[in-house]
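The first residue of the sequence shown is numbered 1, and numbering continues consecutively from there.
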Amino acid sequence: MSFPLLTATAVVPAIGAIATAALPAAKRTAAKWLALLFSLLTFALAMVVAFRFDPGAKGPFQLTESHAWISDFGVRYELGVDGIAVALIALTALLIPFVILAGWHDADPLEEATPNRRWRPTQGFFALILAVEAMVVISFEATDVFLFYIFFEAMLIPMYFLIGGFGDRAGADGEERSAGRRSQAAVKFLLYNLAGGLIMLAAVIGLYAVTADQLGTGTFSLTQIVEAHAAGRLNLGTTTERLLFLGFFFAFAVKAPLWPLHTWLPGAMGEATAPVAVLITAVVDKVGTFAMLRFCLQLFPEASSWATPVILVLALISIVYGALLAVAQRDIKRLIAYASISHFGFIILGIFAMTSQGQGGATLYMVNHGISTAALMLVAGFLISRRGSRLIADFGGVQKVAPVLAGTFLIGGLATLSLPGLAPFVSEFLVLVGTFSRYPVIGVIATLGIVLAALYVLVLYQRTMTGPVKSEVSAMPDLRVRELVVVAPLIALLLFLGVYPKPLTDLVNPAVEHTLSVVDKKDPKPTVPVNAVPGSGRTGHAASDQDVEAAK
């Protein structure tokens, strides 16, 4: 047997979580270093996966593993990766060490005990982060629907404790947050996602029942179901396929988060620490958009096309609505949360534009949004921890006393508004081009999100970093060495991928082409005016295919 590389990539952080949690209570520093070590080992394995993956190889999945698990119910332990999964595994493994370093002191015991929080178990905080990493990684690798579902739901448990048990110490009013607010946000996060998961479970069972009826043996294997559908041996039926699609899509739309199922996100990100907020929006939420590509489109191609107009409208509302609410925010972290809702609207817009540019841009957007949001949120976390408040009005003139902090905050903000030369610009441009080529009206309206992004980012920077130095920030220290180690690589990646995105595009484009072939979609042909075609001899009509070929 070959070395189970994909299994190892998920098992290593799981082992790290167990080992970190098992350390004695007094070994807080050892727990931090142990968690960091296991996160770096996971990153090394993710890089091995990336280098062993061949984008030009035939077949939808590589590095596959398949073993019998619950044979009586057709459940198998099946793993495999395509270019999209490899990119997101690499993103997850890259961000977790920075999350750990940024949260180095977030779980330290408070100097003065309070009735609601006498102890912040360091070991538990870092163990939960590694547990989330393990579950997210195996979710990107799973090609068995039931296996995916288990970890899709299981990751909610450690996230619930990270939000509710290790919330932000700084409140929006400058005072320490109550445990009740954190618990409320954690419960809302859990209930929304559990509701989506239960509806998906019904659809998973329905999918198994249909395959058992038509194939003779029930299966959850994505590969087998797609192949049987392509060969004509499996016909879900129009109504059944659409109902199953809605069950899957609802769960993924909650996780994504797509309007109007987004309302759990601002509270969860606002009450969580900055590193946990990054874990939510840059890592966990990507499972939802990834699953739309892997499961919704490939399992239910007809239903995906049927639902596309409504989903595009919902994505468009997310883009504009999220950006408008971001403009109106007084809380830094909630502003970034609403900005993320707008960005996820762009990702879903690109996925369901059903074009190679749109889906390729959406995949790049998942990666680039993860990096840019991590950079902005982590620097915002450093800023908030110094002032003890999340209110924008409580800052002013920071760039004069902490210029490095202000500079990195500016770059993270400019990446968030997709400034040309920074990584998110490439992905947002591809999404808009891919959408416009098939749905020009929606593509034009979506550009409003760009204008609003410039507004909320630049106003945020102006009000916090420029102007007179407020007395409360006059002694604010600049970024420390540990904080620079967290931020500098993220800024470097934003610059590198902004001017040279080819490594990512080469990785994901074959997977995008495969997905489009399963859905039976092709890029729309460009319309060429006849007067632009030499020798056509006609005016006032669109050029024919022969005229276009002549022009070429």
Side-chain angles (χ1 to χ4, degrees), residues 116-117 124-125 128-129 131-136 139 145-146 148-168 171-172 177-206 243-273 275-292 295-296 311 314-315 317-318 321-322 325 329 331 333-334 336-338 340-342 344-345 348:
N116 292 324
R117 188 172 59 223
F125 179 75
L128 288 170
I129 291 174
V132 171
E133 179 180 24
M135 294 175 186
V136 169
S139 296
V145 177
F146 192 79
F148 168 83
Y149 172 78
I150 290 174
F151 290 100
F152 179 80
E153 288 292 275
M155 71 179 70
L156 301 179
I157 304 304
M159 286 306 308
Y160 168 80
F161 287 109
L162 283 170
I163 297 169
F166 299 92
D168 195 356
R177 279 295 205 193
S178 67
R181 294 292 297 272
R182 297 195 307 273
S183 298
Q184 182 182 11
V187 169
K188 189 173 184 179
F189 160 82
L190 187 63
L191 290 179
Y192 266 68
N193 284 275
L194 279 179
L198 289 174
I199 293 174
M200 179 183 171
L201 178 60
V204 169
I205 295 171
L243 288 174
L244 295 177
F245 168 85
L246 290 175
F248 276 73
F249 181 80
F250 183 84
F252 302 152
V254 172
K255 184 87 77 179
L258 178 67
W259 184 93
L261 305 171
H262 68 284
T263 57
W264 62 268
L265 182 66
M269 289 184 65
E271 297 303 322
T273 63
V276 173
V278 170
L279 200 61
I280 295 170
T281 190
V283 177
V284 172
D285 287 353
K286 297 300 188 299
V287 178
T289 48
F290 164 79
M292 292 178 188
F295 296 105
C296 282
I311 295 173
L314 295 178
I317 293 173
S318 290
Y321 170 85
L325 286 188
Q329 291 306 303
D331 183 318
K333 290 170 70 176
R334 290 179 69 91
I336 298 173
Y338 280 110
S340 290
I341 292 171
S342 181
F344 274 102
I348 296 171

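- How far NZ of Lys286 is from OG1 of Thr281: 5.0 Å, rounded to the nearest 0.5 Å.
- Using cut-offs of 30° and 60° on the angle between ring planes, the pair Phe252 and Phe152 is perpendicular.
- Between Ile348 atom CD1 and Leu258 atom CG the span is 4.0 Å, to the nearest 0.5 Å.
- Here CG of Asp285 is found 8.5 Å from CE of Met159. Values are rounded to the nearest 0.5 Å.
- For the residue pair Tyr321 / Ser342, no side-chain donor-acceptor distance below 3.5 Å is found, with atom types taken as modelled.
- Residue-environment remark: OH (Tyr149) exceeds the threshold of 12 foreign heavy atoms within 6.0 Å.
- Between Val132 and Leu128 the shortest side-chain heavy-atom distance does not fall below 4.5 Å.
- Residue Ile341 holds its CD1 atom at 4.5 Å from NE2 of His262, rounded to the nearest 0.5 Å.
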Check the pair Tyr160 / Phe189 against ring pair (Phe, Tyr, Trp, His ring centres under 6.0 Å), numbers first and verdict last. CA-CA 7 Å; Tyr160 168 80; Phe189 160 82; 8.0 Å; no

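- To the nearest 0.5 Å, atoms CD1 (Ile129) and CD (Glu133) are separated by 10.0 Å.
- Remark: the backbone N or O of Val254 is paired with a side-chain donor or acceptor of Trp264 at under 3.5 angstrom.
- Across all non-hydrogen atoms, the minimal contact from Phe248 to Cys296 is CB-SG, 4.0 Å.
- In this structure, the side chains of Glu153 and Leu198 stay at 4.5 Å or more apart for every pair of heavy atoms.
- Taking CZ of Phe148 as the reference point, atom CE of Met200 lies at 5.0 Å (rounded to 0.5 Å).
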